[in-house]
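Report on one structure; see the data block that follows.
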Amino acid sequence: MLDIRLLAQDPETFAARLARRGKGIDLEPVFALDRRRRELIQRSDELRHRKGKAEEAMKTADKKGPDFAAFRDEMRTVANEIKVLEESLKVVEAELDERALYLPNLPDDAVPEGASADENPVVRVWGEKPVFDFEPLEHDRLGEKTGLLDFERAVKITGARFTVYRGGAARLERALINFMLEQHTTAHGYTEILPPFMVNATSMQGTGQFPKFREEAFEMEKDGFFLVPTAEVPVTNLHRDEILDGKRLPVRYAAYTPCFRREAGSYGKDTRGLIRQHQFNKVELVQFTTPEDSARAHEELTGHAEKILQLLGLHYRVVDLCAGDLGNAAARTYDLEVWLPGQNAYREISSCSNFRDFQSRRAAIRFRAEAGKKPQLVHTLNGSGLAIGRTVVAVLENYQTADGRVRIPEVLRPFMRGDAFIEPESAEMI
RNA sequence: GGAGAGGUGGCCGAGCGGCCGAAGGCGCUUGACUCGAAAUCAAGUGUGGGGCAACUCACCGUGGGUUCGAAUCCCACCCUCUCCGCCA
């Protein structure tokens, strides 16, 4: 959410900065509602003040006298007036909230111009494309052939966009989760969190999923809970409605959760394989920082995600999302795109964003720089470190061998019984 | 699921329908004392909104209601705890 008061002070600048996202956003209704809101507050406060004074006098007045009755009747009227004003205020505030919650974040000044993903500049490239002396398979083809991934039976037991992992693939998924968490919690200094996998609507609003992207969430209608679309939601909301001690910042959390997304509107996109699933695993990094520190923390956090790819020996590039491609809540985002030789393409495997105070204003996450000072909003950041399913895709495609096996990257071997290869499943079980 | 108890400021904890934004304690900040520290003493110490400001308004789990007036009374909901039942 944006600061309506700041917005009202300098509408032109805000409108211009929002316009960089490429969609016309009319701020005038928001300003009008805000003006109306102030007006109602002033009028009802004035009445309340008058009423308070009167009541003070009534406390000591003779309760049986005629003056008291007259006073009482007058105050009854005033109380009703206040009630009417309050009801109008409630309506105005609800509409203002509604509109304000839909406004996207301001892109950071550093965000490059551009209308779509095609215009995202590549800021750096790590490693090189592996060379094969055979035609590398796409991971889904490889997974089916070796019996490591079973898409058909997943459709039977659940439906489209779910996958059953078997044997070495299941072990690889589990190993990646452990490897990433270990790396982040030791070398990178994050505290491990294992949050609930379901959250309430307030949490979803705090991080910006609601109200705009409600369609994307799996809902437990009976209980009012939602399956987490990312660990960002429970972990960022950990400190909702809290005032953190400034000395504690930056706070860094790493969390594994499965992620559940309806993928509404993406029919026909990435229908094969593990790339786009209704349920996938992810290790997420979340940071809470001071406003001064968030740009630095963003670079750092991105580096932590990159480190995982480097340790796995996977070639990737980093792109700086242009204004037109930036997510709704983000002020700045770097995407990590891993090379997939089977698909002959770079695919997003991590998205690292600085939300500045967009989420913290919604979720009321503040800090106090020093005792006695006013609380101020923290900056929140997060990034995948990494998406596990897509990392499995990358390992399968990059480390496949001519004889249908998959070489295991050195760093994963301690998590995989010390094996050097993932072997195909026995043919009779497939 | 059944029975009961309870939700008050950073924490603990009081609170006859008006004198309660809220006693007291702890914690914290500042000052005094001290070579310094501890102890002691004194003062201060919630959040948000409106207003250039003086100032003013709201907030005692949430939402309604009664009343001139609600932290205090009534209703609904949420949450926590205890016991019983069920259960990985």
Side-chain angles (χ1 to χ4, degrees), chain A residues 1-10 30-97 99-101 194-206 210 219-226 234 237-249 251 258 288 357 360-378:
Chain A
M1 192 160 56
L2 301 175
D3 186 339
I4 303 296
R5 275 189 297 178
L6 277 180
L7 211 103
Q9 276 169 25
D10 193 2
V30 175
F31 298 141
L33 285 163
D34 186 50
R35 281 192 299 271
R36 175 94 179 115
R37 175 179 147 269
R38 284 160 206 258
E39 188 189 310
L40 287 168
I41 286 173
Q42 280 174 35
R43 275 168 54 197
S44 66
D45 272 9
E46 199 179 309
L47 284 180
R48 251 194 271 263
H49 182 58
R50 238 179 66 201
K51 180 160 156 279
K53 288 274 184 254
E55 278 158 7
E56 215 166 301
M58 289 173 80
K59 253 178 350 203
T60 51
D62 173 13
K63 306 274 198 294
K64 302 242 163 39
D67 291 354
F68 186 87
F71 235 147
R72 190 191 56 209
D73 293 345
E74 194 191 332
M75 284 311 114
R76 202 176 274 167
T77 314
V78 173
N80 281 330
E81 279 178 58
I82 292 172
K83 195 167 283 180
V84 169
L85 285 173
E86 258 178 2
E87 266 154 34
S88 316
L89 181 62
K90 211 174 277 179
V91 171
V92 167
E93 278 183 333
E95 199 178 329
L96 182 60
D97 265 3
R99 284 177 179 276
L101 285 171
L194 183 61
F197 298 162
M198 293 187 230
V199 295
N200 56 36
T202 311
S203 294
M204 292 289 267
Q205 180 171 303
F210 284 8
E219 179 171 3
M220 316 282 113
E221 210 173 330
K222 212 168 171 181
D223 306 281
F225 297 147
F226 302 85
N237 277 282
L238 220 44
H239 294 303
R240 167 152 51 85
D241 294 321
E242 289 185 16
I243 300 172
L244 304 172
D245 183 348
K247 290 195 282 288
R248 281 182 59 193
L249 301 177
V251 171
F288 302 82
D357 60 12
S360 56
R361 183 170 294 108
R362 287 170 166 248
I365 307 169
R366 295 169 293 173
F367 75 103
R368 204 186 301 274
E370 49 186 292
K373 286 268 173 66
K374 280 269 173 205
Q376 47 184 318
L377 296 169
V378 302

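It should be emphasised that the depicted structure is a prediction, and the values quoted were computed from it without experimental measurement. Order of the sequence lines fixes the chain letters, A, B, ..., with proteins taken first and strands second; residue numbering starts at 1 for each chain.
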Please state whether the phosphate of [N], meaning OP1 or OP2, lies under 4.0 angstrom from any side-chain nitrogen or oxygen of [X].
X     : N     : answer
A:R50 : B:C57 : no
A:R48 : B:C57 : no
A:R38 : B:G49 : no

With the threshold set at 4.0 Å, does a side-chain nitrogen-carboxylate oxygen contact exist between [X] and [Y]?
X     : Y     : result
A:E46 : A:R50 : no
A:R36 : A:E39 : yes
A:E95 : A:R99 : yes
A:E81 : A:K51 : no

Can you tell me the Watson-Crick or wobble partner of [N], both distances under 3.5 angstrom?
N     : answer
B:C77 : B:G61
B:C35 : none
B:C19 : none

Can you measure [X] atom [atom1] to [N] atom [atom2] for me and round it to whole angstrom units?
X      : N     : atom1 : atom2 : result
A:R368 : B:U45 : CZ    : P     : 13 Å
A:K83  : B:A70 : NZ    : C1'   : 13 Å
A:D245 : B:C11 : CG    : P     : 14 Å

Would you indicate what A:R366 reaches in the nucleic acid, counting non-hydrogen atoms under 4.0 angstrom: base, sugar-phosphate, or nothing?
->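 Sugar-phosphate only.
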
Describe the nucleic acid contact of A:K53 in one word from base, sugar-phosphate, nothing, applying a heavy-atom distance below 4.0 Å.
->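 Counting heavy atoms under 4.0 Å across all strands, no contact is made by A:K53.
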
Can you find a pair of side-chain heavy atoms, one from A:L7 and one from A:F31, that are under 4.5 Å apart?
->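 Heavy-atom side-chain distance check passes, below 4.5 Å.
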
Side chain of [X], heavy atoms from C-beta onward: which of [options] has the nearest atom to it?
X      : options             : result
A:H49  : B:G50, B:C57, B:G69 : B:C57
A:R37  : B:G49, B:G69, B:G48 : B:G49
A:P375 : B:G50, B:U47, B:C68 : B:U47
A:I41  : B:G50, B:U56, B:U47 : B:G50

Do A:D45 and B:G51 share a donor-acceptor pair, side chain to base, under 3.5 Å?
->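 No.
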
C1' spacing across the pair B:A54 / B:A43, given as an integer number of angstrom |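 Taking atom C1' in both B:A54 and B:A43, they lie 25 Å apart.
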
